[in-house]
Amino acid sequence: MKAPFCGRLALLAALSFPGHWAAANHAGHDAPAHERHGAPAQAPATNAVAKEAVPAGARPRHEAKIWTRLPNIQTAGRGERNTVKLKVFGMDATELTVYAPGGPAERMRVSYPLGAEGASISSAAPGMGNYHWVIARGETPEEVRVASTAWYFSNPGDAPTRLLREIRHELEIIPQPLPREHASYRESEKWRFLVRWQGQALPRQAVHLETELGTRMSVLTDEQGVATVVFPRDQRPNPAPAKEHARPPRSKFVLAAEKEEGGRRYITAFNYQYGPDPDRQRDLAWGAGFAVLGMVAALPLLRRRQIAAAGEKPNA
Amino acid sequence: MLKSIFPTLGRLRFVVQVLMLVFTVYGAALVGHYAAEKITGALPALSCAYDMQNAAYCVLIPTQHQVHHRIGEGLVRAQEFTFAIVLPLVFTVLTFFAFFFLLGKTFCGWICPLGTLQELLGRIGRRFHIGPRRLEAGDLVENRKVRPVKWLMLLVLVFLLPLLAGLGIAPHSLGNPYCDVCPSRIATTLLTGNTEQLALRVDDGVSFALGAAANALIGFMLVGALAIRQPFCRICPMLAFNALFQRLSPMRLAKPVRHANCGQCTICAEACPMDIREVATEQGRRAYHEDCTLCGRCVEFCPQDGTLSLKWGPFKLFSSRREYYKNRVKGELPDGTVKPMKFVRREATAANP
């Protein structure tokens with residue numbers, strides 16, 4: 001089928017002005033292509049950070065792309081082992097607070113002042129890895145914004161059971177559970193998130209999902225305050241083969257909930273990343289085929305034994 | 001009471017194996033997502049971490065990763081080869097050893113889920129009069145020719161290739177080659193209904209080849225285990241890893257003296273699922289062979305009082321006894337052949353017509 005003339009013109013224009021094309025692509029969240037459930041996310045009104053967006057080509061390597069107006073925490077660079085630089089978007093905050101799953105008492109809760117470049121956080125102790133819970137909070141008389149994420153430091157450490165049970169803010173979104181070390185959120189998978197208000201489960205609360213790839217959708221929590229999110233199948237195929245420490249491509253997402261109480265608006269968000277469905281790169285038929293091949297190769301072992309058994313005497 | 005439930009060591013081991021299989025494969029559903037992490041982190045290897053729900057740890061995974069990412073890449077970046085680089089690897093080995101000190105090689109014979117699966121298949125094979133085929137002269141290939149393979153697996157797949165990948169000499173997809181060919185990864189994930197690990201990656205030639213080898217291996221193992229006892233255990237790098245430290249654990253097989261019949265009856269060797277003849281022909285340290293999984297079958301099937309025993313330090317946990325042997329062979333032959341079940345019609349009596 002021929003592309004419409006105006007389409008070809010648009011393509012030509014995009015090729016002629018790659019900067020414009022990049023900018024349009026960059027702002028993909030404004031025109032959601034994957035909108036689901038017919039309910040676009042209710043983006044908060046204030047968005048000081050979004051105005052600071054720079055064209056993709058001009059971004060430093062670790063500069064996070066602005067793809068949502070919801071509060072979120074993103075990496076801004078890696079440092080030494082057990083250190084990472086994080087930056088807050090979609091809200092004004094002065095510090096990052098990191099909660100550790102274990103370690104020395106004085107390191108269980110550490111606050112890091114946020115500068116223009118973000119803040120470098122580290123694990124509670126050199127040998128204390130596993131998930132650390134990271135929070136930024138910004139307050140005005142009208143509004144409270146909380147951004148939260150989890151950061152996995154690669155050493156073994158205490159499981160985040162207590163970390164996720166503790167109540168820290170008025171409105172919270174808590175993963176139920178966080179993926180284990182070798183697992184991850186992946187497209188088409190169902191994951192549960194608990195929404196708490198003053199520490200109590202919040203039923204029938206709208207939870208909005210926005211992804212870096214443009215999907216916008218909403219779900220309601222059930223009677224137990226749990227929102228079951230099916231991660232959208234919006235990952236782009238990765239043409240590059242695995243080489244040079246390439247990790248599976250991951251895309252960012254943010255889940256947010258909003259509640260008004262006593263004339264004050266509370267917005268809370270949890271952001272993390274999700275990966276492609278592994279089936280995109282895998283073929284079950286090939287796998288089953290080789291397994292059957294192995295089985296066939298082992299068949300002579302069964303046949304020959306039955307012949308040899310005739311001359312043998314059982315023991316005892 | 002306990003004796004009526006576990007009349008033989010073999011019954012006790014079978015129950016432990018089945019319980020551990022269920023625990024390692026489905027344990028997270030019982031003890032909770034994160035509690036499972038704590039427990040699996042305390043053991044050297046459990047249900048494969050690739051199932052992403054139940055287990056989190058197998059000593060072979062961090063060993064490959066650390067050789068790949070720490071040592072290999074550390075050398076490439078011309079960093080100082082300090083203790084700090086080697087430290088994580090040392091910690092991995094020490095964590096493993098902490099567990100190993102307690103139970104020694106009983107992990108292989110009593111806990112390993114893949115070992116249990118193979119043994120269950122072997123029982124099915126015996127029930128249908130298939131096998132057992134042996135790794136000895138006159139049957140399959142001689143055992144001594146197969147034994148070095150586990151060391152090669154450990155050296156090449158767990159240490160050498162990850163190191164070369166870290167150095168940039170081998171492709172990155174060879175960073176954890178043992179996991180890529182490990183049949184436990186496929187078996188335990190399939191047991192949870194997850195076919196992801198059975199499916200082959202088709203976007204990378206090396207990954208495809210490794211996956212194909214793994215699938216062929218597990219296919220071979222599933223059928224082969226009906227005839228050969230513990231086929232994969234014989235080449236498993238975990239067995240080699242265990243063998244490295246087996247003299248350091250108080251848990252061991254003891255055969256302090258040779259009985260006059262040793263080397264004559266060879267029933268213990270026949271009972272050994274790893275076809276270790278040395279247990280019959282040797283004594284002392286040599287009888288406790290590098291391939292031994294401490295399953296205890298040789299002790300159960302030794303007809304001489306006190307010749308063989310399982311010991312932890314100075315404590316004898318289980319010793320061979322003639323009376324025990326006589327009872328044991330009533331239900332099962334040393335080679336694992338199960339005696340046929342007899343269905344006998346109950347005779348009518350006056351009280352019970």
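Hydrogens, waters and symmetry mates are skipped; everything else that's a heavy atom, side chains included, is used. Predicted, not measured: the structure shown is a model, and the values here were computed from it. We name chains A, B, ... by the order of the sequence lines, and we start the count at 1 in each one.
For B:L217, no part sits under 4.5 Å from any heavy atom of chain A, backbone or side chain. With a 4.5 angstrom heavy-atom cutoff, B:F208 touches chain A only via side-chain atoms. Residue B:T337: no heavy atom, backbone or side chain, is found under 4.5 Å from chain A.
The distance from atom CG of B:N215 to atom CG of A:L284, rounded to the nearest 0.5 Å, is 9.0 Å. Note that the CD atom of A:Q281 and the CG atom of B:D204 stand 9.5 Å from one another [nearest 0.5 Å].
With sequence neighbours excluded, the residues that form a salt bridge (Lys or Arg N to Asp or Glu O under 4.0 Å) with A:R168 are A:E166. Judged as a salt bridge (Lys or Arg N to Asp or Glu O under 4.0 Å), and not counting sequence neighbours, A:D283 has no contacts.
When all heavy atoms are compared, the tightest approach of B:G224 to A:L301 is CA-CD1, 4.0 Å. In plain terms, the two heavy atoms of A:L302 and B:A227 that are nearest each other are CD2-CB, 3.8 Å.
Between A:R186 and B:E196, the closest side-chain pair of non-hydrogen atoms falls below 4.5 Å. Annotation: side chain of B:V202 is not in contact with side chain of A:R282 (no heavy-atom distance under 4.5 Å).
For A:R107, the CZ atom counts as densely surrounded, since its 6.0 Å shell holds more than 12 non-hydrogen atoms of other residues, nucleotides or ligands. Heavy atoms from other residues, nucleotides or ligands lying under 6.0 Å from CD of A:Q200 number 12 at most.
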